[in-house]
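Below you'll find the structure, written out as structure tokens, and then a few comments.
Please read these numbers as outputs of a predicted model, since none were measured by experiment. As the structure lists them, so they are numbered: ligands from 1, and atoms in each ligand from 1. The chain is numbered in sequence order, starting from 1.
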Amino acid sequence: MITVAHEESKQNDLRAILGNKAAVQAFRKRPFPDGTIIARLAWDYVSSAENNKAFGQQQSFVAGHPKNGLQFMVKDTKKYALTGGWGYVKVNDGKPASNQVHATCAPCHERA
Ligand code: HEC
């Protein structure tokens, strides 16, 4: 596990970022070598009525159902030369997302 994050707006999720060994080493010392894999898992970000009752105030948010699919980034400088060396894939319920969805990944990541 590399980190966790909470995105608001239409995502409204809690997400975990996972990496293979190459990814974890490269987060400490760039650049990311070919073979790096980074995965993003996300869950609905929900208020817990049960926990709030125990705390006596509104303060608890927890991971609900998985949402927004599974996303992976794979580094291969040759294979993915057109998208800055990164390949992108999103999987929903075991099925890859459409080409239209995949076309959005690299342009936004370049901005980010
Ligand atoms: C609108 C911009 C945008 C689009 C489109 C987008 N991403 Fe991202 N992505 C981000 C940002 C910003 C982060 C870092 C913050 C976060 O994790 O929410 C991120 C994080 C990730 C991560 C976790 C690694 C990291 O750098 O934090 C993966 C894996 C990922 N995206 C894959 C994808 C895939 C696959 C697609 C296409 C299906 C995609 N993304 C589409 C902006 C985007």
Side-chain angles (χ1 to χ4, degrees):
M1 166 112 43
I2 295 162
T3 189
V4 294
H6 163 54
E7 296 296 331
E8 296 196 333
S9 186
K10 69 177 196 280
Q11 267 91 17
N12 190 42
D13 65 24
L14 257 185
R15 46 188 55 197
I17 315 302
L18 315 178
N20 66 357
K21 194 173 170 193
V24 173
Q25 284 171 348
F27 266 106
R28 295 195 183 108
K29 193 174 182 293
R30 309 280 169 99
F32 292 97
D34 282 357
T36 296
I37 303 174
I38 303 171
R40 191 235 60 186
L41 317 176
W43 297 266
D44 202 9
Y45 183 69
V46 291
S47 167
S48 170
E50 203 177 22
N51 294 355
N52 288 335
K53 214 162 103 187
F55 289 125
Q57 60 179 7
Q58 291 287 325
Q59 70 174 62
S60 186
F61 291 86
V62 297
H65 289 289
K67 75 186 291 199
N68 296 330
L70 283 173
Q71 292 185 335
F72 296 94
M73 294 170 60
V74 179
K75 184 80 185 274
D76 187 325
T77 337
K78 284 203 188 98
K79 198 170 172 186
Y80 305 118
L82 291 175
T83 48
W86 290 99
Y88 295 86
V89 67
K90 177 170 183 162
V91 180
N92 291 310
D93 292 326
K95 293 185 210 89
S98 67
N99 288 342
Q100 210 179 350
V101 167
H102 283 128
T104 66
C105 311
C108 188
H109 273 247
E110 262 161 43
R111 276 204 311 275

message: The test is side-chain contact (heavy atoms from CB on, under 4.5 Å); show your working for Arg40 and Asn68 and say whether it passes.
response: CA-CA 10 Å; Arg40 191 235 60 186; Asn68 296 330; 3.9 Å; yes

Is a donor on one side and an acceptor on the other found under 3.5 Å between the side chain of [X] and the backbone of [Y]?
X: Lys67; Y: Gln11; result: yes
X: Asn20; Y: Gly35; result: yes
X: His6; Y: Asp13; result: yes

- prompt: Is there a chain of hydrophobic side chains (I, L, V, M, F, W, Y, each step under 4.5 Å between heavy atoms) that links Leu70 to Leu18?
  reply: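 In one cluster with Leu70: Leu18, yes.
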
query: Given the rule that I, L, V, M, F, W and Y join up when any side-chain heavy atoms are under 4.5 Å apart, are Leu41 and Met1 in one cluster?
result: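 Yes, same cluster.
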
Atoms in ligand 1 flagged as close to [X], the criterion being non-hydrogen separation under 4.0 Å:
X: Ile38; answer: 24 (C), 29 (C)
X: Lys90; answer: 38 (C)
X: Phe72; answer: 35 (C)
X: Val89; answer: 35 (C)

field: side-chain contact (heavy atoms from CB on, under 4.5 Å) between Gln59 and Asn52, intermediate numbers included
entry: CA-CA 6 Å; Gln59 70 174 62; Asn52 288 335; 4.1 Å; yes

- request: Specify whether Phe32 and Trp86 have parallel, tilted or perpendicular ring planes, treating 30° as the upper limit for parallel and 60° as the lower limit for perpendicular.
  value: perpendicular

Using a 4.0 Å heavy-atom cut-off, which part of [X] comes near ligand 1: side chain, backbone, both, or neither?
X: Ala5; value: neither
X: Gln71; value: both
X: Ile17; value: side chain

message: Considering Gly87, Ala112, Pro96 one by one, which has a heavy atom nearer to atom 12 (C) of ligand 1 than any of the others?
response: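 Result: the heavy atom closest to atom 12 (C) of ligand 1 is in Ala112.
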
query: Which option out of Gln11, Met73, Arg15 puts a heavy atom nearest to atom 28 (C) of ligand 1?
result: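 Ranked by closest heavy atom to atom 28 (C) of ligand 1, first place is Met73.
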
query: Glu7 to ligand 1: N or O pair under 3.5 Å?
result: yes

Of the protein's non-hydrogen atoms, which lies at the shortest distance from [atom], and what is that distance?
atom: atom 4 (C) of ligand 1; answer: Cys108 CB, 3.5 Å
atom: atom 36 (C) of ligand 1; answer: Cys105 SG, 2.7 Å
atom: atom 5 (C) of ligand 1; answer: Thr104 O, 3.4 Å

message: Pair Leu14, Val4 - check side-chain contact (heavy atoms from CB on, under 4.5 Å), show working.
response: CA-CA 7 Å; Leu14 257 185; Val4 294; 5.7 Å; no

- request: Give a yes or no on whether atom 14 (C) of ligand 1 lies under 4.0 Å from any heavy atom of the protein.
  value: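 When distances to the protein are checked, atom 14 (C) of ligand 1 has no heavy atom within 4.0 Å.
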
- request: Verify side-chain hydrogen bond (donor to acceptor under 3.5 Å, both in side chains) between Asp34 and Thr77, making sure each step is shown before the conclusion.
  value: CA-CA 6 Å; Asp34 282 357; Thr77 337; 2.3 Å; yes

query: N/O/S of His109 less than 2.8 Å from atom 8 (Fe) of ligand 1?
result: yes

